[in-house]
**Q** 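Okay, here's the structure, questions in a sec.
We count ligands from 1, going down the list as the structure has it; atoms in each ligand are counted the same way. The chain is numbered in sequence order, starting from 1.
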Amino acid sequence: MLRNGTASVRNDTDTVRGVAGYKWRMAKLFRAVIMGPPGSGKGTISERIAQRFALTRLSSGDFVRENIAANTDAGVLAKTYIERGLLVPDHVMTRLLLPRLEEMTRHSWLMDGFPRTLAQAKALNSTCDLDLVISLNIPYETLKERLSDRWIHPASGRVYNMGFNPPHVQGRDDISGEPLIQHDDDKPEALVARLRHYKDMAKPIIDLYKSKGILHTFSGTETDRIWPYINSLLSTKIPSTSQTDTQRIPMP
Ligand SMILES: Nc1nc2c(ncn2[C@@H]2O[C@H](COP(=O)(O)OP(=O)(O)O)[C@@H](O)[C@H]2O)c(=O)[nH]1
Ligand SMILES: Nc1ccn([C@@H]2O[C@H](COP(=O)(O)OP(=O)(O)O)[C@@H](O)[C@H]2O)c(=O)n1
């Protein structure tokens, strides 16, 4: 349910009369968050979920980058932190993200990268009711190996791994053909600090979602082995109709 003062669309089956006397039944909407340390597979799994269940994939990192590119006030502010390798403060992140979510009242979505702090989780909580939180629990050695081999197409956020999902042409994005880059903070020396930081920040968020009964944790070293469990969980949670968000149903 989006609590923006006017909309209340979660779980509803409201109808809108369209042309030729049809009504459009809005399928039950679904809102989820995916959490995990850097390299745990959030991007990879979100992509699969978005395709399989036709959810809109929202990446807070991509959204920050779009705002920086568009020179919005919040983007300009966010840039000053990212350039110093810092997390963007909560009030800037919520200013960026929450209006975007309020535009999504009629879409099912999966959010990757937000919330990263308890304050962000509370802000999200006051904006919408989440149906489900996926938390990925991946051993440190696995994260280290994956990240040292991660290549990214910055414009789209598509991720590659030279062993697991290599691009068709080495160093080039499959779709655009543009060059791939590596993030400095994917280097092993930066990883220990990033992981410690993740654990400290994630613990209270995970406790919050556990107490709400919406947390589902998946552990393992291979995405392909974790994926079937996530797939079957989501298949039970997402009604088939919400796979297209809206469904045209002839109604008297
Ligand atoms: N070897 C291996 N690499 C994987 C696996 N799953 C994801 N990756 C790669 O690991 C890196 C991190 O995954 P990503 O989805 O970007 O993680 P995120 O930081 O949590 O969003 C990327 O290069 C992925 O292609 C896996 O099961 N095995
Ligand atoms: N909730 C969030 C999301 C992103 N960010 C910032 O935006 C950057 C890019 O986001 P991302 O999700 O792509 O980050 P990484 O997974 O590359 O760490 C992060 O490194 C943070 O500086 C943030 O501060 N708080």
**Q** For atom 8 (N) of ligand 1, which candidate among Tyr198, Phe164, Trp151 holds the nearest heavy atom?
**A**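 It is Phe164 that holds the nearest heavy atom.
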
**Q** Can you name the atoms of ligand 2, numbered from 1 with element, that are less than 4.0 Å from a heavy atom of Arg194?
**A**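 Result: 15 (P), 18 (O).
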
**Q** With respect to atom 10 (O) of ligand 2, which of Gly39, Ser40, Gly61 exhibits the smallest heavy-atom separation?
**A**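 Going through Gly39, Ser40, Gly61 one by one, Gly61 has the nearest heavy atom to atom 10 (O) of ligand 2.
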
**Q** Is ligand 1 under 4.0 Å from a heavy atom in the side chain of Ser40, in the backbone, in both, or in neither?
**A**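 The answer is both, backbone and side chain.
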
**Q** Among protein heavy atoms, which sits nearest to atom 15 (O) of ligand 1, and what does the distance come to when rounded to 0.1 Å?
**A**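 Looking at atom 15 (O) of ligand 1, the protein heavy atom closest to it is Thr44 OG1, 2.6 Å.
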
**Q** Going by distance alone, is a donor N or O of one side chain under 3.5 Å from an acceptor N or O of the other, for Asp149 and Tyr160?
**A**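 Note: Asp149 and Tyr160 side chains miss the donor-acceptor criterion.
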
**Q** As a check for students: among Lys42, Arg116, Met93, Arg65, identify the option with a heavy atom nearest to atom 12 (O) of ligand 2.
**A**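 It is Arg116 whose heavy atom sits nearest to atom 12 (O) of ligand 2.
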
**Q** With heavy atoms of Val88 as the reference, note each atom of ligand 2 found under 4.0 Å away.
**A**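 The atoms of ligand 2 under 4.0 Å from a heavy atom of Val88 are 6 (C), 23 (C), 24 (O).
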
**Q** Hey, is ligand 1 close enough to Arg150 that some N/O pair sits below 3.5 Å?
**A**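 Such a contact does occur with ligand 1.
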
**Q** Are a donor atom and an acceptor atom from the side chains of Lys79 and Asn67 found within less than 3.5 Å of each other?
**A**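 Result is no, nothing qualifies.
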
**Q** So, regarding Gly113 and ligand 2 (criterion: nitrogen or oxygen to nitrogen or oxygen, under 3.5 Å), is there a contact or not?
**A**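 Checking ligand 2 against Gly113, an N or O pair does fall under 3.5 Å apart.
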
**Q** Which heavy atom of the protein is the closest neighbour of atom 17 (O) of ligand 1, given with residue, atom name and distance?
**A**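 Result for atom 17 (O) of ligand 1: Gly41 N, 3.1 Å.
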
**Q** Looking only at distances, can you tell me whether any N or O atom of Val159, backbone or side chain, sits closer than 3.5 Å to an N or O atom of ligand 1?
**A**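 Checking ligand 1 against Val159, no N or O pair falls under 3.5 Å apart.
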
**Q** Between Asp90 and Thr117, do the side chains contain an N or O donor and an N or O acceptor separated by less than 3.5 Å?
**A**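 Looking only at side-chain atoms, Thr117 and Asp90 do form a donor-acceptor pair, the distance falling under 3.5 Å.
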
**Q** Say whether Leu147, considering both its backbone and side-chain N or O atoms, lies within less than 3.5 Å of an N or O atom on ligand 1.
**A**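 Such a contact does not occur with ligand 1.
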
**Q** Are Ser176 and His153 close enough that a side-chain donor and a side-chain acceptor fall under 3.5 Å?
**A**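 Yes, His153 and Ser176 have a side-chain donor paired with an acceptor closer than 3.5 Å.
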
**Q** Is there a polar contact, in the sense of an N or O pair closer than 3.5 Å, between Lys42 and ligand 1?
**A**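 Yes, there is a polar N/O contact under 3.5 Å.
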
**Q** Can we say Glu47 and Arg57 salt-bridge, meaning some charged N sits less than 4.0 Å from an Asp/Glu carboxylate O?
**A**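 Looking at Arg57 together with Glu47, the answer is yes, because their closest N to O distance falls below 4.0 Å.
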
**Q** Which heavy atom of the protein is the closest neighbour of atom 23 (O) of ligand 1, given with residue, atom name and distance?
**A**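 Answer, as residue, atom name and distance: Tyr160 O, 2.7 Å.
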
**Q** Do me a favour and list the nearest non-hydrogen protein atom to atom 6 (N) of ligand 1 with residue, atom name and distance?
**A**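 Atom 6 (N) of ligand 1 sits closest to the protein heavy atom Thr223 OG1, 2.6 Å.
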
